[in-house]
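Following: one structure in structure tokens, then a few remarks.
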Amino acid sequence: MDAATDRMEEKSHNELLAIRRQKLEALRAAGIDPFGSGFETTGAPGEIRAAFAEGQKVRTAGRITAHRNMGKSHFIDLSDHSGRIQVYLNAKELAPEAMVAFDLLDIGDFLGVEGETFVTKTGEPSIKAASIRVLSKSLRPLPDKWHGVQDTEIKYRQRYLDLVSNRESLEVFQKRIAIVREIRRFLEDRGFIEVETPMMQSIPGGAAAQPFETHHNALGMDLYLRIAPELYLKRLLVGGFTKIFELNRNFRNEGISRRHNPEFTMLETYWAYADFEKMADLVEEMVCHLAEKICGGLRIEHKNAEGNVTRTINLSRPWRRTRYEDLLRGVEPKWYDFSPEERRAWCQEHGIEVTHCQADFEVTQHVFEKLIEEKTMDPLFVTHCPKELVPLAKQNAADPRLVDVYELVINGQEISPGYSELNDPDIQRERLEHQSGGETQKLDDDFLAALEYGMPPAGGIGIGIDRLVMMLTGVESIRDVILFPHMRPRH
RNA sequence: GGGUUGGUAGCUCAAUGGUAGAGCAGCGCCCUUUUAAGGCGUUGGUUGUGGGUUCGAGUCCCACCCAACCCA
């Protein structure tokens, strides 16, 4: 069934839509444009309510989200992202034509109002309408005024309905917007500058992930959507920038889950002459700044649907910093005395599934993820990880098996890695060749050439913004912090 | 990819294998300070799709689609 047939069917079967279209035509017949144009306001509904003063002449506009009909007088709510304001309409105060138009309106329509502010006898800040203007007729009914949208499919596929009818959803996205804005401000205040590097790359590098492929017709070449901006940001360090960041989308052609969306937002920051510990300080300061500015403090409460607190994250400084190996010894004191076979046996004993194709360091990493990462709610910097896990970081001077990195874990998830970046071009080449292995992954020779020209020692961090927002807002699914998460087509 | 749960009116939800229902929204009437307004009345259904079992299927069986959760 194609979309046109679909529409026809729906129309012929649904009297609700037919009635709204009749009202649309009735408005036109009365000489009123149902899809009006510009309307100057003195403030948004929520702004007028927040800065309410009686006896002011105001103009505002919004969507009608409630209608309480008292016969010759009406109360409606006008709403938008800023909030809501009540409007009082009375046949005595309004022109007869206006009341005719008003009778043809529905919940969902956009309306402009001019009038004087007053407080009703129940204490509700309101506007007494002196004139109204129809701004847009809504041809479909909105979701339930009380329950809002409950169906997750509608929430995600038709986010506009979720935003209009579920206040909690809107608030999460407003917090996300504030977090992103505040990150930019925080970094700029400290002398970092925002740069833009290619999202379409001929060699996708900077991470180990499956890229999306595309094709450039004029150049006759395949391109890939970036999986990370890292290798370009490092080229900028070679070029003389010392404090830079990029806050934008990455794309990975992998599974979709509660914690994964194929496109996700990443902050990467590089700071010449800094090391991973200085970067850890920066992240710690930044996340605390965000929590205090946007979440009202360093204790973040996660609540369930009933409003009960299910988890409290304490962001108080200083954050714990522990070496990777010490954490594993905390789980099993003899872990590093075991042979690889004994480690596998230990996993079996403790109900941790490992496959035969996993290398020894992957077995250890799996134990780390299951028994440490997933159980760690308060911030923990995991430092000095094994170098196999991190091919782009600097080797530790005292122990060549390790790299100078941190992995920040909060809320049971990896929120941010930070490195002392590898700037030795020969070691970098060796690591990348080792990483490519037998796979088809190409070596980025230009990036290696850039390193050979000389890259200053630098600290670098990445922060998954979606997961950071999940942690700070207490939602359980990445789909609840991405406005338009990817879904299969409905049919 | 595997498992579990779900998909019923515009929305939120009911319905032992036996007449598909409620609240809200809508429509009609009453009501000039209500706020989930209220009162009286009333319309609205291809029960996700396609098969099957049965005298009879929203309900049982099979396949498929979509979603949520868990696992890999």
Side-chain angles (χ1 to χ4, degrees), chain A residues 1 5-23 26 45 49 54 64-79 83-94 99 102-109 115-129 138-162 164-167 254-260 304-305 351-358 362 366 369-370 374 475-480 485-491:
Chain A
M1 188 194 290
T5 323
D6 208 345
R7 268 201 306 281
M8 292 287 290
E9 285 240 334
E10 200 171 1
K11 195 174 167 184
S12 62
H13 280 94
N14 194 328
E15 63 165 320
L16 294 179
L17 304 187
I19 288 166
R20 291 206 172 202
R21 287 197 178 266
Q22 282 164 19
K23 291 179 179 175
R49 198 162 198 274
E54 271 188 89
I64 300 173
T65 51
H67 177 205
R68 295 173 286 279
N69 182 352
M70 306 292 299
K72 288 193 174 58
S73 66
H74 302 257
F75 295 91
I76 59 171
D77 287 348
L78 289 187
S79 306
R84 56 168 271 271
I85 186 85
Q86 176 169 273
V87 177
Y88 173 72
L89 300 102
N90 185 328
K92 209 171 69 184
E93 315 269 342
L94 280 163
M99 289 312 291
F102 182 75
D103 280 342
L104 296 168
L105 297 182
D106 288 295
I107 287 173
D109 294 351
E116 193 170 306
T117 54
F118 75 109
V119 178
T120 65
K121 67 183 181 193
T122 55
E124 179 76 15
S126 307
I127 300 170
K128 186 174 288 182
S138 167
L139 298 176
R140 291 170 184 258
L142 288 179
D144 191 276
K145 66 177 175 185
W146 186 244
H147 301 94
V149 175
Q150 294 299 317
D151 186 325
T152 50
E153 277 201 71
I154 299 177
K155 266 172 78 77
Y156 299 148
R157 288 186 199 279
Q158 295 175 278
R159 179 69 82 185
Y160 43 91
L161 295 180
D162 183 39
V164 166
S165 53
N166 296 15
R167 201 75 209 169
E254 293 170 353
I256 293 180
S257 79
R258 213 161 53 89
R259 293 177 178 189
H260 298 87
N304 61 14
I352 292 168
E353 285 179 43
V354 288
T355 62
H356 284 288
C357 53
Q358 280 177 304
E362 289 174 312
H366 194 62
E369 285 170 6
K370 288 285 159 195
E374 287 183 10
V475 304
E476 297 292 328
S477 170
I478 197 168
R479 293 180 200 95
D480 292 324
H486 283 281
M487 306 277 277
R488 282 207 174 96
R490 206 189 285 263
H491 291 295

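Between the side chain of Arg21(A) and the backbone N or O of Leu16(A) there is no donor-acceptor pair closer than 3.5 Å. Remark: the backbone N or O of His147(A) is paired with a side-chain donor or acceptor of Gln150(A) at under 3.5 angstrom.
No donor-acceptor contact under 3.5 Å links the side chain of Gln150(A) to the base of rU12(B).
In this structure, of rU33(B), rC24(B), rA67(B), it is rA67(B) that holds the atom nearest to the side chain of Thr152(A). Listed candidates were rU34(B), rA68(B), rU35(B). Nearest to the side chain of Arg84(A) is rU35(B). The His147(A) side chain lies nearest to rU12(B) when the options are rU34(B), rU12(B), rC11(B).
Taking the side chain as every heavy atom from C-beta outward, Ile107(A) and Leu142(A) approach each other to under 4.5 Å. Side chains of Pro143(A) and Ser165(A) form a contact here, defined as non-hydrogen atoms less than 4.5 Å apart.
Residue contacts for Gln86(A): at a heavy-atom cut-off of 4.0 Å it reaches a base atom on one of the strands shown. Among the protein residues, Thr122(A) comes within range of the nucleic acid bases, having at least one heavy atom under 4.0 Å from a base atom. Note on Leu16(A): a base of the nucleic acid sits closer than 4.0 angstrom, heavy atoms only. Across all strands, Arg20(A) comes closer than 4.0 Å to no nucleic acid atom at all (heavy-atom distances). Contacts of Ser73(A) with the nucleic acid, taken as non-hydrogen atoms under 4.0 Å apart, involve only primed sugar atoms and P, OP1 or OP2. Within 4.0 Å (heavy atoms only), Arg479(A) reaches sugar-phosphate atoms of the nucleic acid but no base atom. Looking at heavy-atom distances under 4.0 Å, Lys23(A) makes contact with sugar-phosphate atoms alone, never a base.
Pair assignment for rU19(B): none, as no Watson-Crick or G-U wobble contacts are both less than 3.5 Å. In this entry rG26(B) has rU42(B) as its Watson-Crick or G-U wobble partner, both defining distances falling under 3.5 Å. Using the Watson-Crick or G-U wobble rule with both distances under 3.5 Å, rU4(B) pairs with rA68(B). With both pairing distances under 3.5 Å, rU53(B) is matched to nothing as a Watson-Crick or G-U wobble pair. Pairing for rU35(B) is absent, judged as Watson-Crick or G-U wobble with the two contacts each under 3.5 Å.
The distance from atom CD of Glu374(A) to atom P of rC71(B) is 8 Å, rounded to the nearest whole Å. Taking atom CD1 on Ile154(A) and atom C1' on rG48(B), their separation rounds to 13 Å, with Å as the unit. Atom pair Phe118(A):CZ and rU34(B):C1' shows a separation of 10 Å (rounding to whole Å applied). His260(A) places its NE2 atom 13 Å from the P atom of rA72(B), with the value rounded to the nearest Å. Between Lys128(A) atom NZ and rU33(B) atom P the separation is 11 Å, expressed in whole Å. Ile19(A) has its CD1 atom 8 Å from the C1' atom of rU43(B), to the nearest Å. When the P atom of rA72(B) is taken as reference, atom CD of Glu369(A) falls 11 Å away, rounded to whole Å. The separation between Phe102(A) atom CZ and rU32(B) atom C1' is 13 Å, rounded to whole Å.
Taken to the nearest 0.5 Å, the CZ atom of Arg84(A) stands 14.0 Å off from the CD1 atom of Ile64(A). The CD1 atom of Ile76(A) lies 5.0 Å from the CZ atom of Phe102(A); values are rounded to the nearest 0.5 Å.
rG28(B) and rU46(B) have their C1' atoms separated by 29 Å, with the value rounded to a whole Å. Going from the P atom of rG52(B) to that of rG17(B) covers 23 Å, rounded to whole Å. Separation of the P atoms belonging to rA57(B) and rG48(B) is 15 Å when rounded to the nearest angstrom. With both ends at atom P, the span from rA15(B) to rG51(B) equals 28 Å, rounded to whole Å. Taking atom P on both rC13(B) and rG6(B), the two are 14 Å apart, rounded to the nearest angstrom. Taking atom P on both nucleotides, rU4(B) is separated from rG44(B) by 40 Å, rounded to a whole Å. Nucleotides rU34(B) and rC66(B) are separated by 42 Å at their C1' atoms, to the nearest Å. One C1' atom belongs to rC11(B), the other to rC71(B), and the distance between them is 34 Å to the nearest Å.
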What N/O pairs connect the protein and nucleotides 37-40 of chain B at under 3.5 Å? Give each pair on its own line.
{"from": "rA37(B)", "atom 1": "OP1", "to": "Lys145(A)", "atom 2": "NZ", "distance (Å)": "2.3"}
{"from": "rA37(B)", "atom 1": "OP2", "to": "Arg68(A)", "atom 2": "NH1", "distance (Å)": "3.2"}
{"from": "rA37(B)", "atom 1": "N7", "to": "Asn69(A)", "atom 2": "O", "distance (Å)": "3.3"}
{"from": "rA37(B)", "atom 1": "N6", "to": "Asn69(A)", "atom 2": "O", "distance (Å)": "2.7"}

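OP1 or OP2 of rC70(B) lies within a sub-4.0 Å distance of a side-chain N or O belonging to Arg258(A). The phosphate of rC66(B) (OP1 or OP2) has a side-chain N or O of Arg488(A) nearer than 4.0 angstrom.
Side-chain atoms of Asp480(A) and Tyr156(A) include a donor-acceptor pair closer than 3.5 Å.
If you find the closest nucleotide of RNA chain B to Lys370(A) and to Asp106(A), the one lying nearer the 5' end belongs to Asp106(A). Across the interface with RNA chain B, nearest-nucleotide mapping of Gly148(A) and Thr120(A) shows Gly148(A) to be the residue nearer the 5′ end.
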CA sep, side-chain torsions, deciding dist, call: Lys155(A), Leu161(A), side-chain contact (heavy atoms from CB on, under 4.5 Å): CA-CA 7 Å; Lys155(A) 266 172 78 77; Leu161(A) 295 180; over 6 Å; no
side-chain contact (heavy atoms from CB on, under 4.5 Å) between Leu89(A) and Leu94(A), worked out: CA-CA 7 Å; Leu89(A) 300 102; Leu94(A) 280 163; 3.7 Å; yes
His67(A)/His74(A) under side-chain contact (heavy atoms from CB on, under 4.5 Å): CA gap, chis, key distance, verdict: CA-CA 7 Å; His67(A) 177 205; His74(A) 302 257; 2.8 Å; yes
